[in-house]
Amino acid sequence: MGLRHTLAITAFAGIVATSMAARPAHAGEALFGYLYTTEVMPAGAIEVEQWVTDKIGQENGHFNELQLRTEIEFGVTDRFQVAGYLNTKYENDTAAPGDAGLKFDGFSFEAIWQLMNPYKDSFGLALYAEPSIAPDETEFEFKLLAQKNLLDGRLVLAANAVAEWVVEQQDNLTDPLTGQVIAAGGTEKISELQMLLGASYRVAPNWFLGAEYRYVTEFEGLGFNERVESANYIGPTVHFAKGKWFATLTWLTRFGANDYGPQPVLLPGSFEPDVTTNGLRLKVGVSF
Amino acid sequence: MKLTRHWALLALAPVALVETHVLAKDYLTVEAAQKLLFAGADRFTALPVKLDDAQIARIKALSGKVQRNRTPAIWRAQSGGKSLGLVIVDEVLGKHENITYAVGVSPDGKVVGVEILSYREAYGGEVRSPAWRAQFDGKTLASAFKLDGDIANISGATLSCRSLTDGVRRLLALAAVVPA
């Protein structure tokens, strides 16, 4: 799918969103880049978000992948919201320079059910589910979201526990010079656990400054039994919101990464997109 | 390329439409709010107050909330030299901006009224409605001040409702510790 198609879908989504009846409502705006809070949109409210995630660098050289997600959120009830994502990516992989360019990366569907409201209950609690379908990958994510507001709402603490299952179709890995198959393709099944923690403080009207921490551990197979690798990420986050608009920018850098057991075969100069050393995420949203 | 640019412009269409919305902001001056809260008053006298640690602690004990401003803006409403009550102007957190509001408190510690001076959010302006504000009338420190209990929540403006509900309760406690 080309850039033109992506823009066309984005434009269509924007027009659809705009043409729907505007309702007085606050957006379930993203306070963090990688974490979710438990706030959801009220019934009938719509928000459009654009995510840009830049995965930067790997241990074996230069790597850069730009993930783009265009999201439309809709408040079904005051406690339940759904969302649809159009995913694209721009990958600059030195192992396959001819493949550089914007690529369709599938669709995702998201549902968040708020069990406890952080403004009405002692803390916020929500369940999150996100299935994704891409040309070579099927994925399901489940999250438990928690939020605690302190200092009259000036300080927001958030925690997410994440379980993820991925089924990926892989091509044969061949040596580009000899054409010899190095590793056979097939179906790869992966499971992943994550724990994310974040804190953000309202330093002035419209502005939040904070930090996010993310621990990721990946397993071979769907049963969380054969651990492959783990990594920690930490970094600052800044959030600005005014009126119906918000923007959130987060930088995460990796530390304390570990490998367990035999590692996947990689050609010199090729990369694993899921184990980047740095990440930069920008979210921009507008509510209707 | 031309077509791509056109699509890009089309994608910005919602942005242009949204920009036509006017953000609400200042609605009342302090003087106007004073008059609305105590229509019978002929004089409003500023009370210079500097809260000490003991008073801050007392406010916390009475309301469960922290009074952050040690020099709150308070006026005594009078008629013919007789005190009708206090007007307190305060700020609480809205979703993105602060909300400026005033509370009238009678000499026996009851809410006379709540007025919103400034509401700067794009949404949730319903907190300015007379019906929502009237829920506070007559409340005392013994009242529950529970959102979705004795105070109705406004969907989509929960933080504003929470902040104002906590704020009114805190100002009742403040009025109780201010020297008569």
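Proteins come first, then strands; the chains are lettered A, B, ... in the order of their sequence lines, and each starts at number 1.
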Practice task
Among the options B/V66, B/N153, B/T165, B/D166, pick out the one with the most heavy-atom pairs lying under 4.5 Å from chain A.
Solution key: B/N153

Problem - Approximate separation, where rounding is to 0.5 Å, of B/L159 CG and A/E39 CD - result: 7.5 Å

Inspect the surroundings of [atom1] in [X] and state if more than 12 heavy atoms from other residues, nucleotides or ligands are less than 6.0 Å away.
X	atom1	result
B/K110	NZ	no
A/L151	CG	yes
A/R79	CZ	yes

Fill in the blank from the handout: residues 112-126 of chain A vs chain B, non-hydrogen distance cutoff under 4.5 Å, contacting residues -> A/N117, A/Y119, A/K120

Problem - Exercise: identify the closest heavy-atom pair between A/D78 and B/S155 - result: OD1-OG, 2.9 Å

Practice task
Measure across B/H96 and A/G243 and return the closest heavy-atom pair with its distance rounded to 0.1 Å.
Solution key: CE1-O, 3.3 Å

Problem - Region of A/R154 in contact with chain B, defined by heavy-atom distances below 4.5 Å - result: both

Problem - side-chain contact (heavy atoms from CB on, under 4.5 Å) evaluation trace for A/N206 with B/K95 - result: CA-CA 8 Å; A/N206 309 110; B/K95 182 78 175 175; over 6 Å; no

Exercise for the section: Determine, stepwise, if the pair B/E121 / A/K244 fulfils side-chain contact (heavy atoms from CB on, under 4.5 Å). Expected result: CA-CA 9 Å; B/E121 307 291 336; A/K244 299 174 179 185; over 6 Å; no

Problem - Note: B/E97-A/K242 ion pair, threshold 4.0 Å (strictly below) - result: yes

Problem - Structural part of B/D148 lying under 4.5 Å from a heavy atom of chain A - result: side chain

Exercise for the section: Starting from the C-alpha separation in whole Å, work towards a yes-or-no answer on side-chain contact (heavy atoms from CB on, under 4.5 Å) for A/D152 and B/R68. Expected result: CA-CA 11 Å; A/D152 298 332; B/R68 297 176 196 283; 3.3 Å; yes

